[in-house]
Every structure is written in C-alpha cells, then in structure tokens.
Protein chains: 2
Amino acid sequence: MRTKNPTTRPRKLPIARRDGIAPVSQSAEYALRVMTCLARGDQIARTAIDLAAEASVPVHYLSKVLRRLVAAGLLSSQKGHGGGFVLARPASKIRFADILGAMGEAPVGGRCAFGWGKCDAKNPCPLHPAWSALSDALQSWAGDTTLADVAAGATHKKPRRRG
Amino acid sequence: MRTKNPTTRPRKLPIARRDGIAPVSQSAEYALRVMTCLARGDQIARTAIDLAAEASVPVHYLSKVLRRLVAAGLLSSQKGHGGGFVLARPASKIRFADILGAMGEAPVGGRCAFGWGKCDAKNPCPLHPAWSALSDALQSWAGDTTLADVAAGATHKKPRRRG
DNA sequence: CCATCAATAGACCACGATGTCCATAAACAG
DNA sequence: CTGTTTATGGACATCGTGGTCTATTGATGG
C-alpha cells in the first residue's frame, strides 16, 4: 500500500540543467546514450538497470525513456527473467532523427525564429538566413547519423564522411 | 487603480514550449531577435515597448532580457524621455556567441554527451565523434555570425507588397 | 503453483524557465 | 518644481522537465 507521506520533505534533486548550448533536451540525450549502448553491444537483451549504469542515467527515469523508445518502435522489450531491451531493427536503420522524434523533439521544422507566423526564402525574416544555416546543419546531422556510425566508432573509428 | 489582488487570478499563461530541436533557449532566442532589430535600425534609441512589438516578445519579459544584455555590455540604455536601447558597439563586433553568452548559454564547452566526466579525441566516449560534429557546427555558427550579417541580410529588401 | 526477475504504469515532487505585475529611480519637458 | 517617460528591480505565478517512488503485470525457473 502506498504510504503517501504527507510531509514529503527532504529531497535533494540535483536536476541536470542545461549548462550550455544544448541542441537536444536532457531526455533526448539520455535516449541517444542508451541507444548507443545497445547498438554497441551484441543483440542480447540488456536490463534497464544495466543500461542505466553504463549510460550514467538515473534508473527510474531511464525506464520512462525506454518506454517511449519502445512505444516508438525503436526497441523491443521482454519481461521476466532474462528479459530486457533490444534494438527493434538494425543499427544502420535507426537514425538520430528517429530517436529524437521518439522523445518528442520534432524535426526543427519551419518555425520562424523571429516569431513570424511563416517565413521562407521568398519572404524571409531578418534572422532567416542565419537561422536556416543552423537548422539545416542540425537537421542533416540528425538525419544522416545512424546508430551504426556510433557503434563502429568510439574505440578506433574511421574518419567517416557523411554527405 | 489596481491593488495587489490577493486571490489567485486565473491567468492564462501560454508559455512558449520548445516545439522541436531548439539550439537555444527561449530567452536566448528573444535576445537574438531584439538585437537583430537594433542592428537593422539606425542608431537611434528604441524603447522596450517598441522592440517588443517588432520582435513579438512579451513586453515585461523582454525588459528582463534587455537588462541582461545591458549588464553584459552589449547594449547601452538611456532612461527618460527619448531614451531606450542602442547597441553598445558596431554590429560587426557583436557575435551571436556574445549574445548567447549574455543569456547564460555557455559556449557548449567540453561537456561529454555520454555522461563521462571527461572525454576527448584521445579518450572518446561512444558518442564523441557524432556529438563533436554537431557541437563544432553550433560553435562555429555562433562564433562566426555577427549582427552585421543579419543587418545586411533582409534589410533593404523590405518585404513590401507591391501593388 | 510459487518465487523471482524485469518491464509497465503512473502518482508525486522539486526546480528552473517563462511570464505578469508593481514599485522605484532617473532623465527630460513644461 | 511637477509631471511624464523611460529603464530598473524584484515579487510573484505557472508550467514543463527531470527525477523519485511504489504498485502492477507478465515471463521464467524451481
């Protein structure tokens, strides 16, 4: 039964704050970490506890993240003894954009950085050229990078060129 | 005359949420907008109300943003009749990175995206190659783009509907 | 069947970011 | 000097994100 402590008091929550220009949310970063872990290992199921340790993510919070990744069809899960999480498809078929999308980070679409309703090359807001340079870079990064890239890299990676 | 209403008002706060991959915080985006407005105009002082309208930013919140920009030495301010805000130095000398820095967005420093304490080319985390590609792009964007760029941009091509 | 393991679900909380509002200080016009 | 105009400063409110915790469901092994 839930003890429901009415005097919930002494919690120290060292919430991870954004300490710089962060292209993605904390949750999305956690998702990238854990997907990377899974891509680097064999295809055996890894438990949430195991993954949390490797990716340095709070266990209970990670389980929420994992749930979303399962719901998005990027992971499959198995309960019970010997269960855990596995990639739902080959690492080369999972783009960073898919992972970010699963975490609710839309693909940076056409939103105008200047606050105009719409803004395009024909009728650009003052920030348009500078901003689209940035968002193009972000978008192609997320769209072109796959888990296979990070799985291969890390220890001794090849200078992999995307384009 | 309004006197400090003690009862909790049912205020509608349509807080702007991140609706996608957002490289900078909302405040920082506001700062970029307003600095762009100032760079595009003449060097005459603009009031906060004026700027808020042009940049589509809540007035009272904008004044906080402006304060931070003044404190950072990017703007100078003048009180009283005819007062307002002006760029503290030429637009070509104000980089986006300066503006983001003033809003507390550190230059995306060496923080490891995988949660490792330290992580560099010598001892890279699994995400390092992919992540540094992204943060390099961000950093050079912020470091290379100046207000002169956006001022020159869509300026004299005033979006005027021809008749 | 029962114990155990592990995912699923969601209530709850803390805190920072965003946003509103009011009071005060400075500069100027009359 | 008085009043208006403007920036400055800070007290609040609200919401989403990050994080903790407990209970439940499903699978496996004995």
Side-chain angles (χ1 to χ4, degrees), chain A residues 1-19 22 24-31 33-34 44-52 56-71 75-86 103-105, chain B residues 1-19 22 24-31 34 44-52 56-71 75-86 103-105 115:
Chain A
M1 66 184 288
R2 302 183 52 88
T3 44
K4 177 106 81 163
N5 200 339
T7 63
T8 39
R9 189 39 60 88
R11 304 276 190 84
K12 290 293 290 190
L13 287 193
I15 291 189
R17 297 194 318 268
R18 68 187 291 149
D19 53 325
V24 302
S25 70
Q26 185 69 62
S27 303
E29 186 182 306
Y30 288 166
R33 286 189 201 175
V34 76
I44 41 174
R46 310 274 310 271
T47 73
I49 295 180
D50 184 12
L51 290 167
S56 311
V57 178
V59 193
H60 295 287
Y61 191 62
L62 180 62
S63 83
K64 283 187 182 177
V65 172
L66 290 167
R67 252 180 276 170
R68 302 189 67 164
L69 294 169
V70 170
L75 291 182
S76 19
S77 60
Q78 178 69 20
K79 286 184 180 179
H81 191 94
F85 298 88
V86 221
M103 301 310 295
E105 310 255 325
Chain B
M1 124 174 357
R2 300 181 52 85
T3 51
K4 178 107 73 167
N5 204 334
T7 61
T8 319
R9 298 271 82 179
R11 314 251 196 87
K12 299 298 285 188
L13 287 196
I15 291 189
R17 299 195 319 265
R18 69 186 293 153
D19 54 325
V24 302
S25 69
Q26 185 69 59
S27 303
E29 186 181 307
Y30 288 166
V34 75
I44 42 175
R46 312 275 309 271
T47 73
I49 294 180
D50 185 13
L51 291 167
S56 310
V57 178
V59 192
H60 296 288
Y61 192 62
L62 179 61
S63 82
K64 283 188 180 177
V65 171
L66 290 165
R67 248 180 283 170
R68 301 189 67 163
L69 293 169
V70 170
L75 292 181
S76 22
S77 61
Q78 178 68 21
K79 288 184 180 179
H81 191 96
F85 298 89
V86 220
M103 301 309 296
E105 311 255 326

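Residue numbers start from 1 in every chain, and the chains themselves are labelled A, B, ... in the order their sequence lines are given, proteins ahead of strands.
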To the nearest angstrom, the CG-C1' distance between A:Leu69 and C:dT8 comes to 14 Å
Looking at C:dT18, I'd like to know if its phosphate oxygens (OP1 or OP2) sit under 4.0 Å from a side-chain N or O belonging to B:Ser27. yes
Does A:Arg67 make a side-chain donor-acceptor contact with the base of C:dA7, cut-off 3.5 Å? no
Nearest to the side chain of A:Val70 - C:dT8, D:dA7, D:dT22? C:dT8
Using a 4.0 Å heavy-atom cut-off to protein, can you give one letter per nucleotide of nucleotides 25-30 of chain D, 5' to 3': B if the base is in contact, S if only the sugar-phosphate is, - if neither? BBBS--
Return no unless some side-chain N or O of A:Tyr30 is found under 4.0 Å from OP1 or OP2 of D:dG19. yes
In whole angstroms, how far is the P atom of C:dA11 from the NE2 atom of A:His60? 17 Å
Would you kindly give the CD1-to-C1' distance between A:Ile44 and C:dA6, to the nearest whole Å? 16 Å
When you measure from the side-chain N and O atoms of B:Thr47 to the phosphate of D:dT6, is any distance below 4.0 Å, counting only OP1 and OP2? no
Partners meeting side-chain contact (heavy atoms from CB on, under 4.5 Å) with A:Ser56 (sequence neighbours left out): A:Arg33
Let's see if you can work this out: which of C:dT20, C:dT18, C:dT8 has an atom nearest to the side-chain heavy atoms of B:Gln26? C:dT18
For the residue pair B:Val34 and B:Leu62, establish whether any side-chain heavy-atom pair is separated by less than 4.5 Å. yes
Residues A:Ala45 and A:Gly82: closest non-hydrogen pair is CB-O, 4.1 Å
How would you list, by chain and number, every residue that makes a side-chain contact (heavy atoms from CB on, under 4.5 Å) with B:Ala28, sequence neighbours excluded? B:Val24, B:Ser25, B:Leu100, B:Met103, B:Glu105
Beyond-backbone contact of A:Leu75 with A:Leu66, side-chain heavy atoms, under 4.5 angstrom: yes
With sequence neighbours excluded, what pairs up with B:Ser27 under the side-chain hydrogen bond (donor to acceptor under 3.5 Å, both in side chains) test? B:Tyr61
base_contact_polar (C:dT8 base, A:Lys64 side chain, donor-acceptor, <3.5 Å): no
